[in-house]
Amino acid sequence: MMALVAFAGILPAQIVSEENTDKTPFSIKAYPFRGTYLDSGRHWDKFGGAHPAGVNLGIEFPSMQQRPWQQYLNNATAGIGVSWLNLGHEMLGHSVAVYPYMLFNAIDTEYFQMRFKVAGGLAAVTEHWYTQADQDPDHYYEPTVNTIFGSTLNVYLNAGLQFNVPITRYLAAGVEFGYVHMSNGRTCMPNIGVNALFGSLGVTATFNSQSTRKPVQFPDLPYGWAVNITGSAGAQKSAIADPNRFLVSSFHAGTVYHVNNWYAIGLGLDVFFNDAVTKNTDRSLYCDGDFAEDTDHDGELDKFYDCTTCGDQKDVDYTFAQKVRAGISINNEFKFGAVTAVVDWGLYFYNPSRHIYARYHQENIGTVVPKRPLLYDSYGAGSEEVAHYIRFGLRYRVWDNLYLQASCKTHLHIAEFVEFGIGYQIPFYKRDSRPEGKGKIFHHRRNWWK
């Protein structure tokens, strides 16, 4: 949703400019596709080699060099896409996705184009856990149930390579290869989600291609450094048998350096709170105590604990400190005018949750299960989490340097939660090239929203 709202701030400026009234060039494209799932295991084996197929439709607005981000990003193209997907099995159903996307030029000649595509939006699926007749949690792994999605609405991500060959001035043929992900970020369970590779072949029709405009000259960004302060919150569902949703929240403070007009890198401090680390959840991931013990002292574990049924385990009261994690992250920002894409990678330095696991590694069965070290890997039970985290997000500047942010925190490819927040960017260390008194904020005009 944040992607769609943010993109709405780009398109009007792309379509109409105060300085120009010429017709705006735009393209309409249709690319039928077929794909293959990267997912495997007992959740997917029941579908017998299903393959997704469908069509990607889009309307694109080539750069007229009227916005600074178009010039900084080598005349990138903005677009809005709609995809229809047949997920390949009657239990999986169909999906419709709506998403903004960007095309970045890698090769742009008269006879050939190669562009990178990045897209993010929302997808609705027709079949999921709550649309089927059997919703018994005890049947979670049965071959007769759909455990791929737990909600109708899901996040849709798409990335790939596009190759175009012009046929006429108005028509081009092309192929596209890419990756698709759909999931709900654990706001609902189940959340297995879809990961697929696809290939497509299609055509693009361009209108008003003869229109030209004089490029608008823009100065460099006024400041080299900035401090970002962001607070966010969301909700997580931890287990399909547990009706509760738990509060998740985070606080981020970091400093970034603007390498150029569209990219910044820096370091940040993150503090996370996850109320799912609680005695009220049925999720066995969060369970205090050892997984098993050697009750007869013969060197073999013979008493096993199951956190979903063991009463004395469920009576444990977890403190606030056990629900908090803290980490240091490398922050990356990619700027598109009022919109900023965020990709952070962090490492926990305070992580008491790593000790609250039912078991440590598969190879430790038969020995006393040790506590997890600070730097632990993802093998075996508890592999949904690792010692580091990734944050993907979008920021949209709403006033001055005040911004709204939507983000997803993941451990490797497993989403922990989705959250929404508000933040403020404090610029400092003004560049010498910026005129005095005209660099109080990052954007080039105070009335940028007009």
Let me check something: any side-chain donor-acceptor pairs from residues 85-94 under 3.5 Å, sequence neighbours excluded? List them with distances.
{"from": "N86", "atom 1": "OD1", "to": "G88", "atom 2": "N", "distance (Å)": "2.9"}
{"from": "H89", "atom 1": "ND1", "to": "M91", "atom 2": "N", "distance (Å)": "3.0"}

query = Would a line drawn from the ring center of F336 to the ring center of Y72 be shorter than 6.0 Å?
reply = no

inquiry  = Using the ring centroid of each side chain, check whether F177 and F198 are separated by less than 6.0 Å.
reply    = no

inquiry  = Tell me which one of T340, V343, D344 satisfies side-chain contact (heavy atoms from CB on, under 4.5 Å) with E333.
reply    = T340

inquiry  = Can you confirm if the NZ or CZ of R42 lies within 45° of the ring axis of Y141 and under 6.0 Å from the centre of its six-membered ring?
reply    = yes

inquiry  = For F273, does the six-membered ring have the charged nitrogen or CZ of K323 within the cation-pi criterion, i.e. under 6.0 angstrom from the centroid and within 45° of the normal?
reply    = no

Is the closest side-chain donor-acceptor distance between [X] and [Y] under 3.5 Å?
X: N74; Y: N105; value: no
X: Y403; Y: R397; value: no
X: Q425; Y: N228; value: yes
X: S151; Y: Y130; value: no

remark   = So CZ of F349 and CG of D270: to nearest 0.5 Å the spacing works out to 9.0 Å

request  = Please name the residue in the list H252, R395, R391 that meets the side-chain hydrogen bond (donor to acceptor under 3.5 Å, both in side chains) test with Q405.
outcome  = R395

message = Is it the case that the side chain of Q66 and the backbone of M64 share a donor-acceptor pair, with hydrogens and angles ignored and the cut-off at 3.5 Å?
response = yes

query = Judged by atom type as modelled, is there a donor-acceptor pair below 3.5 Å linking the side chain of N154 to the main-chain atoms of T152?
reply = yes

key: Verdict with supporting geometry, W44 and F47, ring pair (Phe, Tyr, Trp, His ring centres under 6.0 Å)   = CA-CA 6 Å; W44 281 95; F47 301 121; 5.7 Å; yes

Check ion pair E60-R115 (N to O, under 4.0 angstrom) = yes

query = Are the charged groups of E176 and K117 less than 4.0 angstrom apart, N to O?
reply = yes

